[in-house]
Enquirer: 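Just passing along the structure, written as structure tokens.
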Amino acid sequence: MAMRPVSPLRGAPACAGLLLLLAIAPARAQNAKAEAPIPAATLAQMTAKGTGAASPVLFRAYKKESEIEVWKRGPAGYVHIKTFPICRWSGQLGPKRANGDRQTPEGFYAVPKRQMNPNSRYYLSFDIGYPNAFDRAHGGTGSAVMVHGVCSSMGCFAMTDRAAGELYAIARDALNGGQAAFQFQSYPFRMSAENMARHRADPNYAFWRQLKEGSDRFEATGEELQVSVTGGRYVFAPSKDPVKEAAATTRRAAEEARIAGLVEDGSPAVRTTYSDGGQHAFWASLITKGVPVGEISRPEALAYAGQEVVVIAGHRRPAPIPEAVWTAFLAPGMPMADWRVAGFVPTYARAPDRFGWAAAYADSLPRLVAAELAKRGRTASAPGLLAAAEGL
């Protein structure tokens, strides 16, 4: 029996339907990635800290430590939820200045919903918003600086696909919950007094002091930073809560004093250099064990990441002689009491400065001890002076 020929027109609808299905499949797969829920374990961490998926979110990134922290707003302010290791960032410590410089930015950025990219060629991503007003004020150029999947960076915060997917889901649910834009804080390193003292000789130090001011304020208040740019520098609005504002002021003063103390005590100063960015030790360890993490940009550069060059050698500050010891030497009748350079009058034995200049602590203490002795009605004998000094 002869076969009846099939008209090309009769087969066309079937072919068109097949082509439509083939076109829809990748879109559905992409949507599935972008719509994947936050893992249950992470949701449990949020619940334990009095917050949830729809609550506002804030991210904090640290280049040297290669970490991104997730913070969610709770009843009393933002609380830390979890930390993700960064698989790759590029460049050096310091801000991004120009398009193509491979620098991962530092500063304070805002990410509205329009900067979320469910169709990223790097799994999923969001644009952190570089350049911001500060960057533009300093001539910064460039664009499309992302947090994305795939362990390859040309100025971005490169995560693995799984980590990028979870970060994307956390940000998506906060934006869908009503947050207009979430803040992305990017730092060269954790902004401790120790790190600031250690990097005080770096050319970026003045800029990093601005970042630390914001970091200190956030940690003192638990509030999202209200950031503006005036005269080419970051400016932070005070908290509306007087108690929190006082806490921010106190922390700032304490941190400045601690930095000064570390420098005075002989903390070394270093420059940290990179061949081209760094990677968290977690991923480096997995890679050395042969665990695949996908494409890695410039893997040879990672062998020279985080090399420290000492530019100011450290030294130990001599320990002061205990007060009870050196004040006892001044007691009448002690052998050391008569060892004086001719014509020398110690500060504590001189008439008070008529201009009111305060004496150094080490110079004024003997006078304080003498006053204490007089108040207690004790004689200025060596044992009496020693006992008084120990009792102060």
Side-chain angles (χ1 to χ4, degrees), residues 58-69 71 78 80 83 86 89 91-97 103-109 132 134-135 138 157 183-225 227 229-239 244-274 277-278 280-281 305-317:
L58 181 150
F59 295 101
R60 307 180 85 197
Y62 305 94
K63 288 162 62 173
K64 187 174 183 181
E65 292 82 3
S66 297
E67 292 179 343
I68 293 180
E69 294 177 343
W71 292 69
Y78 277 84
H80 176 245
T83 299
I86 296 174
W89 60 271
Q92 306 289 323
L93 299 184
K96 183 176 181 63
R97 297 297 190 197
Q103 279 289 97
T104 302
E106 296 169 8
F108 304 99
Y109 299 90
N132 63 12
F134 179 96
D135 301 318
H138 291 270
F157 297 89
Q183 190 168 83
F184 190 90
Q185 303 176 6
S186 179
Y187 300 104
F189 39 70
R190 293 190 179 278
M191 307 306 285
S192 65
E194 290 78 6
N195 278 338
M196 293 299 290
R198 191 166 179 79
H199 291 87
R200 65 186 181 276
D202 194 286
N204 294 300
Y205 185 72
F207 167 65
W208 290 342
R209 288 193 65 186
Q210 295 179 49
L211 300 189
K212 178 163 175 55
E213 183 179 348
S215 176
D216 287 344
R217 173 169 288 278
F218 174 77
E219 292 184 11
T221 65
E223 297 176 340
E224 180 176 332
L225 299 173
V227 188
V229 178
T230 302
R233 77 178 313 278
Y234 282 115
V235 177
F236 307 97
S239 173
K244 290 186 175 182
E245 182 58 25
T249 302
T250 300
R251 180 183 175 87
R252 182 70 181 149
E255 286 291 285
E256 286 293 305
R258 179 151 176 74
I259 294 169
L262 288 166
V263 173
E264 186 178 355
D265 286 343
S267 173
V270 304
R271 290 283 303 279
T272 307
T273 63
Y274 295 80
H280 195 279
Q307 304 294 307
E308 288 194 344
V309 178
V310 177
V311 293
I312 300 177
H315 63 275
R316 286 192 175 184
R317 186 181 183 186

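Heavy-atom basis, side chains included; hydrogens, waters and symmetry copies ignored. These numbers come from a predicted model, not from an experiment.
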Enquirer: Between atom CG of Asp202 and atom CE of Met196, what is the distance when rounded to the nearest 0.5 Å?
Expert: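 Nearest 0.5 Å value for the CG-CE distance: 10.0 Å.
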Enquirer: Answer yes or no: is there a side-chain heavy-atom contact under 4.5 Å between Lys64 and Leu93?
Expert: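 Yes, at least one pair of side-chain atoms sits under 4.5 Å.
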Enquirer: Taking the side chain as every heavy atom from C-beta outward, state whether Thr273 and Gln92 have any atom pair closer than 4.5 Å.
Expert: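 SC-SC contact between Thr273 and Gln92 confirmed.
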Enquirer: Return the minimal non-hydrogen interatomic distance between Lys63 and Pro105, and the atom names on each side.
Expert: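 Lys63 and Pro105 have their closest heavy atoms at CD-O, 4.1 Å.
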Enquirer: Under 3.5 Å, is there a donor-acceptor pair linking the side chains of Ser215 and Arg60?
Expert: yes
Enquirer: For Ala220 and Ala248, which heavy atoms make the closest approach, and how far apart are they?
Expert: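 Closest pair (atom of Ala220, atom of Ala248, distance): CB-CA, 3.6 Å.
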Enquirer: Look at Lys212 together with Glu219 and state whether they make a salt bridge at an N to O cut-off of under 4.0 Å.
Expert: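 Between Glu219 and Lys212 there is no salt bridge, as every charged N stays at least 4.0 Å from the carboxylate O atoms.
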Enquirer: Are Glu213 and Arg209 within salt-bridge range, i.e. N to O under 4.0 Å?
Expert: no
Enquirer: Would you mind reporting whether Phe207 and Glu106 have side-chain heavy atoms less than 4.5 Å apart?
Expert: yes
Enquirer: Could you tell me whether Arg258 and Glu194 make a salt bridge, using a distance below 4.0 angstrom between a side-chain N and a carboxylate O?
Expert: yes
Enquirer: So do the side chains of Val227 and Phe134 get within less than 4.5 Å of each other, counting heavy atoms only?
Expert: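 No, too far: nothing below the 4.5 Å cut-off.
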Enquirer: Once rounded to the nearest 0.5 Å, what's the spacing between atom NE2 of His280 and atom CD1 of Ile68?
Expert: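 It is 11.0 Å, given to the nearest 0.5 Å.
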Enquirer: From Asp135 CG over to Phe108 CZ, what is the distance, rounded to the nearest 0.5 angstrom?
Expert: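 Result: 11.5 Å between the selected atoms.
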Enquirer: Is there a donor-acceptor pair closer than 3.5 Å between any side-chain N or O of Ser267 and the backbone N or O of Val263?
Expert: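 Not at all, since once roles are kept as given, no pair shorter than 3.5 Å links the two residues.
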Enquirer: Go through it in stages, so that I can follow the logic: the residues are Arg190 and Glu65, the test is side-chain contact (heavy atoms from CB on, under 4.5 Å), and I'd like the CA-CA distance, side-chain angles, deciding distance and then a yes or no.
Expert: CA-CA 8 Å; Arg190 293 190 179 278; Glu65 292 82 3; 3.6 Å; yes
Enquirer: Can you name the nearest heavy-atom pair linking Pro268 to Gly314, along with the distance?
Expert: CB-N, 3.5 Å
Enquirer: Determine, stepwise, if the pair Phe236 / Phe218 fulfils ring-ring contact (aromatic ring centres under 6.0 Å, His included).
Expert: CA-CA 10 Å; Phe236 307 97; Phe218 174 77; over 10 Å; no
Enquirer: How close do Ser239 and Lys244 get, heavy atom to heavy atom, and via which atoms?
Expert: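 Minimum heavy-atom contact is OG-CB, 3.7 Å.
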Enquirer: Which atoms form the tightest heavy-atom contact between Val311 and Ala201, and what is the distance?
Expert: CG2-CB, 3.5 Å
Enquirer: Any donor-acceptor pair under 3.5 Å linking the side chain of Asp216 with the backbone of Arg251?
Expert: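 Side chain of Asp216 to backbone of Arg251, a donor-acceptor pair under 3.5 Å: no, none is there.
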Enquirer: Are the side chains of His138 and Pro95 in contact, using a 4.5 Å heavy-atom criterion?
Expert: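 No, their side chains stay 4.5 Å or more apart.
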Enquirer: What's the spacing between Met191 CE and Asn195 CG if we round to 0.5 Å?
Expert: 8.0 Å
Enquirer: So does Arg233 get a backbone contact from the side chain of Gln210, meaning a donor-acceptor N/O pair under 3.5 Å?
Expert: no
Enquirer: Would you find a donor on one side and an acceptor on the other, under 3.5 Å apart, between the side chain of Gln183 and the backbone of Leu225?
Expert: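 Yes.
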Enquirer: If every non-hydrogen atom of Gly107 is compared with every non-hydrogen atom of Leu211, which pair is closest and at what distance?
Expert: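 Taking Gly107 first and Leu211 second, the nearest heavy atoms are CA-CD2, 3.9 Å.
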Enquirer: Are side-chain heavy atoms of Arg252 and Glu256 found at a separation under 4.5 Å?
Expert: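 Arg252 reaches Glu256 side chain to side chain.
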Enquirer: What residue among Tyr274, Tyr62, Tyr187, Phe157 forms ring pair (Phe, Tyr, Trp, His ring centres under 6.0 Å) with Trp89?
Expert: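 Output: one option passes, namely Tyr274.
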Enquirer: Run the side-chain contact (heavy atoms from CB on, under 4.5 Å) check on Thr272 and Gln307 step by step: do they pass?
Expert: CA-CA 6 Å; Thr272 307; Gln307 304 294 307; over 6 Å; no
Enquirer: Are any of the side-chain heavy atoms of Glu308 and Arg198 separated by less than 4.5 Å?
Expert: yes
Enquirer: Does the side chain of His80 come within less than 4.5 Å of Glu69's, by heavy atoms?
Expert: yes
